[in-house]
Amino acid sequence: MMVLFSFISGCSGLKESKPILPVREYEKMIVGNLNADYVGTRNCLAACHEHDRLKLFFDASTMGAQLKKESGMPLVDCESCHGPGSLAVKGLTKELVEMNAGQGIKTACDFKTLIDLKKLPATAQSLICLKCHTVNATFNLHNWNSGLHALNEVSCFPCHDIHAGPDLKVTPLASGKLCFSCHQSAQAQFSLPSHHPLKEGRVFCVDCHNPHGGFADHSLQQDSVKETCVQCHPDKRGPFLYQHADVAENCLNCHSPHGSVNSRLLNAREPFLCLQCHEGHRINTEEGGSITAERARAFYTRCTDCHSTIHGSDVPSTSGGGRFTQ
Ligand code: HEC
Ligand code: HEC
Ligand code: HEC
Ligand code: HEC
Ligand code: HEC
Ligand code: HEC
Ligand code: HEC
Ligand code: HEC
Ligand code: HEC
């Protein structure tokens with residue numbers, strides 16, 4: 001146990017993070033005040049108009065809609081997340097609220113007796129949601145616990161602002177701004193000369209990444225980089241009769257997914273891209289110079305002028321091999 005502990009604390013220099021507690025500790029934090037009872041939304045808000053707008057939004061949302069008993073869904077109301085509310089509204093009557101209002105005083109409930117949602121550790125915040133959004137109920141959350149967001153103390157709250165409006169889901173268009181708020185380097189990459197048209201509204205972060213975690217590295221939507229890319233570029237899927245070895249299995253051997261200073265999202269310009277792995281065409285000067293400077297230049301500008309089917313081809317080259325020349 002001691003060994004494990006010193007190992008963990010030894011990592012603290014790498015990543016500023018709070019100690020990880022056993023799950024039951026987080027569970028305790030979200031039980032709420034043990035002396036309070038559940039009173040139901042109607043009693044909670046009976047005396048108060050302060051939260052009318054919140055309630056209106058909430059009732060219009062998918063979670064609020066579940067309040068209808070016929071739905072057979074778990075009941076979601078204010079206290080599902082904020083904890084039992086009897087102490088918060090104790091002694092609050094319509095008359096008191098109106099009397100105070102007459103004197104220009106706003107009456108607040110004793111909200112300190114509710115769960116202090118904002119100050120909870122991220123793991124406990126997420127548990128509030130996960131007690132209903134189990135893996136069975138929300139399949140997308142299958143990899144949540146092993147995902148980089150959960151591991152880096154990003155809870156559900158920053159992405160799903162429960163009270164911002166009736167729409168609880170993040171629309172793909174809104175996701176760009178949301179994601180950029182924490183991922184500035186991605187924002188910079190999508191501003192490079194060659195980039196996936198994200199700002200143009202044709203590609204979205206969630207096309208490629210699952211914000212709730214995924215099976216592949218970088219929380220990709222599919223099991224591999226290639227599968228993620230060929231969702232939209234099916235002509236690159238193959239299999240081809242003449243493959244670029246297994247190089248094309250990982251599109252990132254040649255492309256940067258967000259953006260690049262080079263055209264076509266390439267990691268490097270041609271011919272340098274290709275010359276990382278190939279010698280290119282040997283220029284045989286020893287045997288009397290079989291190649292002219294003119295021709296050599298042709299070879300060393302854009303390899304894909306001739307090797308135009310660089311992603312694979314079903315057509316053999318003139319020598320009968322697979323040289324991607326047609
Ligand atoms: C699904 C969970 C959930 C439900 C249901 C819910 N809330 Fe909230 N509420 C939250 C979270 C999370 C926050 C804190 C948001 C943040 O981090 O700023 C919050 C914040 C608030 C605040 C503080 C607002 C602010 O701007 O600081 C009020 C008031 C509130 N909720 C009232 C209500 C009322 C009234 C209901 C019932 C109609 C309700 N909530 C239902 C999750 C919920
Ligand atoms: C008491 C149970 C309960 C709690 C707690 C709860 N939810 Fe929900 N939530 C539901 C139900 C039921 C639905 C509607 C059915 C569905 O879409 O799964 C829903 C729907 C949603 C949706 C919309 C899904 C859609 O397709 O439109 C989002 C987003 C969501 N919840 C996020 C949260 C977040 C974030 C929290 C924590 C702050 C939370 N929920 C807490 C039960 C709950
Ligand atoms: C990094 C931001 C982010 C975090 C953190 C996050 N979500 Fe989401 N969530 C999204 C986005 C974006 C969508 C819309 C997904 C889409 O359009 O493909 C979404 C969709 C959903 C939905 C709608 C149903 C579905 O599967 O598409 C539910 C329910 C949900 N999230 C619940 C949660 C819960 C519960 C948590 C915390 C355990 C959480 N989310 C954490 C960004 C986030
Ligand atoms: C076309 C698909 C695609 C889109 C769209 C996309 N990504 Fe990525 N992203 C990837 C791939 C593939 C990787 C893995 C890169 C690697 O291994 O070098 C990655 C890596 C990342 C990483 C980790 C590496 C790094 O650069 O820090 C983050 C963070 C990230 N993406 C965030 C985002 C955000 C935020 C958005 C939306 C603004 C977004 N991505 C849109 C495909 C995409
Ligand atoms: C509240 C801040 C926050 C928001 C909002 C946020 N992220 Fe993250 N994200 C993080 C942190 C922190 C990490 C872990 C550290 C890192 O790799 O940057 C992370 C990691 C990731 C990774 C994994 C990076 C890797 O190296 O493998 C991806 C992919 C990612 N986020 C995508 C998204 C997408 C897509 C959205 C929008 C739906 C989003 N994030 C919104 C904070 C955030
Ligand atoms: C959601 C769909 C989608 C996914 C997933 C996707 N792309 Fe794209 N890609 C596009 C669109 C749209 C364009 C722009 C096409 C245009 O402008 O004609 C594009 C353009 C490109 C271009 C050409 C850029 C240029 O400057 O002409 C390359 C290279 C590319 N994608 C590679 C990839 C790779 C590699 C992946 C996987 C990491 C990927 N794409 C995943 C939709 C997608
Ligand atoms: C060996 C390097 C290499 C690999 C691996 C590679 N590409 Fe490319 N790709 C290129 C080059 C070079 C170009 C530019 C060709 C040109 O300018 O005519 C290109 C262009 C593209 C384009 C835009 C032009 C077109 O043909 O539609 C898309 C889309 C694309 N690649 C997608 C992919 C996908 C998806 C993968 C993974 C399955 C992938 N690439 C793997 C080298 C590669
Ligand atoms: C990541 C390394 C890598 C990159 C980058 C790369 N290749 Fe390849 N290429 C290979 C491998 C491995 C093979 C298969 C082994 C072989 O036959 O040499 C291959 C095969 C080929 C072949 C067929 C060779 C034969 O003998 O059949 C041609 C032509 C080719 N590549 C051209 C290119 C061009 C043009 C580029 C740049 C757009 C490029 N390659 C980028 C690794 C790479
Ligand atoms: C002017 C057209 C042209 C250009 C430009 C060109 N190639 Fe070739 N390449 C060919 C032809 C033709 C073949 C032989 C095809 C055959 O055998 O059927 C070939 C063959 C190859 C081969 C197979 C092995 C070998 O050496 O014969 C590789 C690898 C190769 N090229 C890589 C490259 C690279 C890397 C570049 C850019 C630096 C490039 N080529 C530029 C026309 C070209």
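Since we're looking at a predicted model, the values are computed, not measured. Indexing begins at 1, ligand by ligand and atom by atom, following the structure's order.
For ligand 8, the atoms sitting less than 4.0 Å from at least one non-hydrogen atom of Leu273 are 5 (C), numbered in the order shown with element in parentheses. The contact set between ligand 6 and Cys208, taken as ligand atoms under 4.0 Å from a residue heavy atom, comprises 5 (C). Atoms of ligand 8 lying under 4.0 Å from any heavy atom of Cys303, numbered from 1 in the order shown and given with element: 35 (C). Near Asp207, with a cut-off below 4.0 Å to any heavy atom, the atoms of ligand 6 are 1 (C). Interface of Cys277 with ligand 8, defined as ligand atoms under 4.0 Å from a residue heavy atom, comprises 1 (C), 2 (C), 3 (C), 4 (C), 5 (C), 42 (C), 43 (C). Atoms of ligand 6 found under 4.0 Å from any heavy atom of Thr228, numbered from 1 in the order shown, are 5 (C). Against a heavy-atom cut-off of under 4.0 Å, Gln231 is close to the following atoms of ligand 6: 5 (C). Interface of Cys251 with ligand 6, defined as ligand atoms under 4.0 Å from a residue heavy atom, comprises 35 (C). Interface atoms of ligand 6 facing Ser194, defined by a heavy-atom separation under 4.0 Å, are 26 (O).
The atom of His278 that is an N, O or S and sits closest to atom 8 (Fe) of ligand 8 is NE2. Looking at His160, its N, O or S atom nearest to atom 8 (Fe) of ligand 3 turns out to be NE2.
For the pair Phe58/Pro166, no side-chain contact is recorded, criterion being any heavy-atom separation below 4.5 Å from C-beta on.
At a cut-off of 2.8 Å, His233 is counted among the residues with an N, O or S atom near atom 8 (Fe) of ligand 6. With 2.8 Å as the limit, Cys229 does not count as an N, O or S neighbour of atom 8 (Fe) of ligand 6. At least one N/O/S atom of His244, whether from backbone or side chain, sits less than 2.8 Å from atom 8 (Fe) of ligand 8. Taking 2.8 Å as the criterion, Cys159 does not count as a coordinating residue of atom 8 (Fe) of ligand 3, since none of its N, O or S atoms falls below it. Inclusion of Cys156 in the first shell of atom 8 (Fe) of ligand 3 is not supported: no N, O or S atom falls under 2.8 Å.
When non-hydrogen atoms are compared, ligand 8 lies under 4.0 Å from neither the backbone nor the side chain of Asp246.
Comparing heavy-atom distances from atom 27 (O) of ligand 3 across Thr62, Val206, Leu130, Asn140 singles out Asn140 as nearest.
Nearest non-hydrogen protein atom to atom 20 (C) of ligand 3 is His212 CE1, 3.5 Å. Scanning all protein heavy atoms for the shortest distance to atom 13 (C) of ligand 6 gives Pro197 CD, 3.8 Å.
Between Phe215 and His142, the angle of the ring planes lies from 30° to 60°, which puts this pair in the tilted group.
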